[in-house]
Structures are given as structure tokens and as C-alpha cells.
Amino acid sequence: MIDGRMVREQAGALREGVRRRGSLDKHGPLIDRAERLDRERRLTIQAVEERKAARNTASQEVARMKKAGENADELVASARELGADIARLETELAASQGEFDAILLELPNVTLPEVPEGDATKNVIVSTWGEPRAAGSVKPHWEVAEKLGLLDLPRGAKISGSGFIVYRGRGAKLQRALMNFSVDLHTREFGYEETQVPLFVNRDAMIGTSQLPKFEEDMYALRDDALFAIPTAEVPVTNLFREEILDGATLPLALTAFSACFRREAGSAGKDTRGLLRVHQFDKVELVRFSTPEDSPAQHELLTSHAEQVLQRLGIPHRRLLLAAGDTGFGSAKTYDLEAFAPGVGQWLEVSSCSNFGEFQARRASIRYRPASGEKPRFVHTLNGSGLGFPRTIAAILEHYQNPDGSVTVPEVLRPYFGSDVIR
RNA sequence: GGAGCGGUGGCCGAGAGGCUGAAGGCACCGGUUUGCUAAACCGGCAUACGGGGUCAACCUGUAUCGAGGGUUCGAAUCCCUCCCGCUCCGCCA
């Protein structure tokens, strides 16, 4: 969340931030309201604390008088009145403070200056890698997959619903090869610590990484246990250090996690949902980094390059997009999307989204670091990106590596993990 | 699921209605001293939010002893609910 102090000291920057996202109409009035609440809140704080100070001195005087054997009844009575006053003011304070806090949770992060303003049409293609095959020159992945027996979509729909994928045989194995290859790459070459984390997390964790309260309808929830299925391993991994103060010397921290991810995709029914394009449950390797504020822009480039490396080693043509403010995620200050080209469906598919959250998540989750012994704790910057999301990566492989006879060549780096060089 | 015990500052650990923002120790920082390392001694050492201010270092108020409520003039201390940990029993694997 943004710093509450910004409401008082930099309301203009906040307004400019939401304007660049194209949501001034929606968030502007919230900022106005927050400014009023902040003034109200501080006046009430003063009033409450004045009375508490008076009560504290009175209480001490009562203690003194009783010890001296004097009658303190009168003072006790007046202190009791103060207490009633305090209770009333505290109710007021809780109301304005509560509303103020709720607004803070609703306000998106302010994007960095280099992020273009406007909606997705203003996204910038930063770079392109590889030679995409002509759109429509090959069959869409679902046709190849069906012919080769890699996916069983009807049975997935039968046991869980559409958007729940059953991988079979070499389809399942391809996924496992992808997992082992990527985790090995990130741990061996790029220095990430491998983690395995819970797939269900509590509400505090979801708030910490800013999935909640805004996007509750997109989450699967186990209401009996007050747990949510994670939409990405970003949630458990980033929250690992919630309410902790890290030793500055350990930064930057780099963690990776392979996990299943669960998304209800409410509101996107029927949109790009064929085959592996948009599913409710999928596997992904996530990269998470924690850094100092000064270092986070460089860490962001580094993390994005790690995700890109996966695509390059796989030999899949792809491009990097700098998302415009309006297309940048709620909590992100800057996001690169990596898109792989899938010639069968003729589309660029988002396979990774690499974001620098600044201190937005760290503030919510209270993840701090001490720069050096004796110094004050500061919020870390959190970053994460997928490296990569598997269904769309598999879609890209099945299309890019498709041969005229309908077989699919296995990318070279996967062969040691997959066990053969072609799926036919 | 049942029973018992426990949760206090960066860490360990006292305290059992007012004298406790919290003894003592460790760690850490500054100083003195010994030719280096080490030791000894002295001093310092929480966070958040208000207010004031020649506004990053100063003064002042409030809150914080797992969380949230309650009793009281006053709660780390008493009561209730919840969370977490440990031990034992039961249940499931």
C-alpha cells in the first residue's frame, strides 16, 4: 500500500499517479476523502491524547493520595468522567482511522517515471528475440496435443470443470521436464534458493502481497478454514518474511518456487480460453527477489533477464513489453511482460510478468531490513516474475517446434529431462 | 478433538493491579585503559503515531509485554474470546 503520509504531503503525486493509470475518476474522490479523514483523524488523536495525559496524571495522584491515606473520591470521580470522554473519542477515531486505512488499501501503487501513461495500447515493445514463424503456418496447440495424446481436456472438464487441464503421458512428462529444467537453471546458474511453499495461505498473506482486499472474487477460498488457494507462489514466498527485519547484509535475497497456481478468472469467461490459453489451475516457476530501494531497478532488470533466459534457452521467439501505467498491476511500480509467439493461434502469449513493487508490498506486509547494525529499519523492495508459466510455454513449444508431419521437436535443453528429442 | 503448560524488548529472562517502557544477562554502539588480539570499567541502546520546532540530529504527548474485547480512577499483572508453541492422550494416515 502507499504510505499514508503521502496523502498529507504528496496528494498531488498520488493524483498524478492514478491519472497516469487512467483511474483518476475512480480513485480521485478516494484521495479527496482520505485527505479529509486524515485531518479529522489527527484532530481526534490530539483530543484523545490530551485527555489520556490528564487521566494518567490524575491516576498517579490517586495512587499518591491513597498511599498517604487521604480521600481520593473526588479525583476518582473526575477521572472516571475523563474515561467516558476518552471512550467516546476513541470510537470516533476508530471510525475515521478505519475508513482511512481501507482507502489506503484500495489505492494502487504509483508507477515509476519511465512507465508510459495510458492503457494497454500504450505498452512499449522493448525488445524482440528470435524469428517468429508465420501466423497460421502451423496448427494450434490443442489440435497437436490431442493428436499426440498430450492433453485430455474433456476429462479435465468432467472431473473439475473447463479450464482444469489433464496432462497425459508425454504431455505430463513435458511439463515435468520444463519444471526441472527451469528450477535447475535458476538455482544452479542464477543463484536462487529453491523453496517449496504452501498452496493455501491465510488472509494476512493475501493482503500482504495485495491480492486482497481488491481481488477477492478472483481467488479460490476454503472458507471453513479461512484459507485461500494461491494465485501465484509470489504470495507465500514474498510473505515468508512478513513482519520480519532482515539483515541488510543478506540482500539481495533471491528465492524460486515451483508451484501450482489457482485462478478463478472471474469475468474472463469465453475470452481466449481455448486449449492452454487461460486455465484455472496451472504450474509455474516463480522468481522472487528482496532488495534495497537503491538496488531495486537493477534487480528488476536482472530478474527479467533470468525469465528471458528460460525462453532463450528453450529457443522460443519472444518479446519484452514495458507495460503502460494503466496495464501495470495494482501493486506494481513497473512491469515487464514477456510474450512468447505462438504461431498456431497467431498470438503473442504472456508467459511471464516481471514486476518491481517498490515498498508497496513491504509496507503492507511489514518486511524491513536493517542496513547496518544500530541503524533504523527500512522497508525492502520486493520484486517477482514468473520464470515461466507453463501452459502457455507449452502452447508455444507445441506450435513453434511443430513439424509438417504433426510431430513436435523437443527443445534441446529439455531433452536430458524429457528423454527423447521428438514427440510423434 | 481432549487435558496441561507457556507466549515479555534483536535474543535469553524477571515481574503477578499504581514505585515497570519494563530488573538482570547476552548481543550491539560510543568512550577510558592495557604495546596488538582479548579483557576490565563507564555510558548508550525499542517501535509507531500525534503536537511543537531555526522542521533528517531537539522538546513533548500517547500507545505498545501474542491478538482482540472487558473490569478498574489506573492492567504486562484480574476476567472473556481467539491465535501460536510445547508436552501427554485420542483420532486419522
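We name chains A, B, ... by the order of the sequence lines, and we start the count at 1 in each one.
Whole-Å rounding puts the A:D204 CG to B:C83 C1' distance at 11 Å. Between A:R203 atom CZ and B:C83 atom P there is a gap of 16 Å when expressed in whole angstrom units. Taking atom CE of residue A:M65 and atom P of nucleotide B:G18, one finds them 19 Å apart after rounding to whole Å. Between the P atom of B:G61 and the CG atom of A:L93 lies a distance of 20 Å, rounded to the nearest Å. Across the protein-nucleic acid pair, A:L82 atom CG and B:G61 atom P stand 17 Å apart, rounded to whole Å. Distance CD1 (A:I45) to P (B:A63): 13 Å, rounded to an integer number of Å. Counting to the nearest Å, the P atom of B:A48 and the CZ atom of A:F379 are 9 Å from each other. The nearest whole Å value for the distance from the CZ atom in A:R42 to the P atom in B:U62 is 20 Å.
When only modelled atom types and interatomic distance are considered, A:R64 and A:Q60 share no side-chain donor-acceptor pair under 3.5 Å. A side-chain donor from one of A:Y417 and A:D184 sits under 3.5 Å from a side-chain acceptor of the other. For the residue pair A:K334 / A:T111, no side-chain donor-acceptor distance below 3.5 Å is found, with atom types taken as modelled. Side chains of A:Q361 and A:T382: a donor on one and an acceptor on the other come within 3.5 Å.
Between A:Y336 and A:H300, the ring-plane angle classifies as parallel under the 30° and 60° cut-offs.
Spacing of C1' atoms, B:G15 relative to B:A75, comes out at 13 Å, to the nearest Å. The gap from the C1' atom of B:C89 to that of B:U81 amounts to 25 Å, rounded to the nearest Å. B:C49 and B:A57 have their P atoms separated by 14 Å, given to the nearest Å. Spacing between B:G30 and B:U47 at atom C1', rounded to whole Å, works out to 22 Å. Taking atom C1' on both nucleotides, B:G53 is separated from B:G61 by 15 Å, rounded to a whole Å. Nucleotides B:G18 and B:U33 have their C1' atoms positioned 44 Å apart, rounded to a whole Å. Look at the C1' atom in both B:G21 and B:A46: the space between them is 9 Å, to the nearest Å. Rounded to the nearest Å, the gap between the P atom of B:C58 and that of B:G44 is 15 Å.
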Scoring nucleotides 67-80 of chain B by protein non-hydrogen atoms under 4.0 Å (B base, S sugar-phosphate only, - none) yields ------BS------

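With A:E90 as the partner, the side-chain hydrogen bond (donor to acceptor under 3.5 Å, both in side chains) test is satisfied by one option alone out of A:K52, A:R51, A:Q97: A:K52.
At B:C49, one or more side-chain N or O atoms of A:R5 fall inside 4.0 Å of OP1 or OP2 (strictly under the cut-off). At the phosphate of B:G18, neither OP1 nor OP2 sits under 4.0 Å from any side-chain N or O atom of A:R64.
B:C45 is unpaired under the Watson-Crick or G-U wobble criterion, no partner having all donor-acceptor distances under 3.5 Å. B:G50: Watson-Crick or G-U partner is B:U60, with both key distances under 3.5 Å. Checking B:A3 for Watson-Crick or G-U wobble geometry (two distances, each under 3.5 Å) identifies B:U87 as its partner. Using N1 to N3 plus N6-O4 or O6-N4 for Watson-Crick, or N1-O2 and O6-N3 for G-U wobble, each under 3.5 Å, B:U71 pairs with nothing.
Under the 6.0 Å cut-off for aromatic ring centres, A:H306 and A:Y192 qualify, their centroids lying closer than that.
Contact annotation for A:R8: backbone-only contact, meaning every heavy-atom pair under 4.0 Å involves sugar-phosphate atoms and none involves a base.
Remark: side-chain polar atoms of A:S332 are not paired, donor with acceptor, to backbone N or O of A:T328 under 3.5 angstrom.
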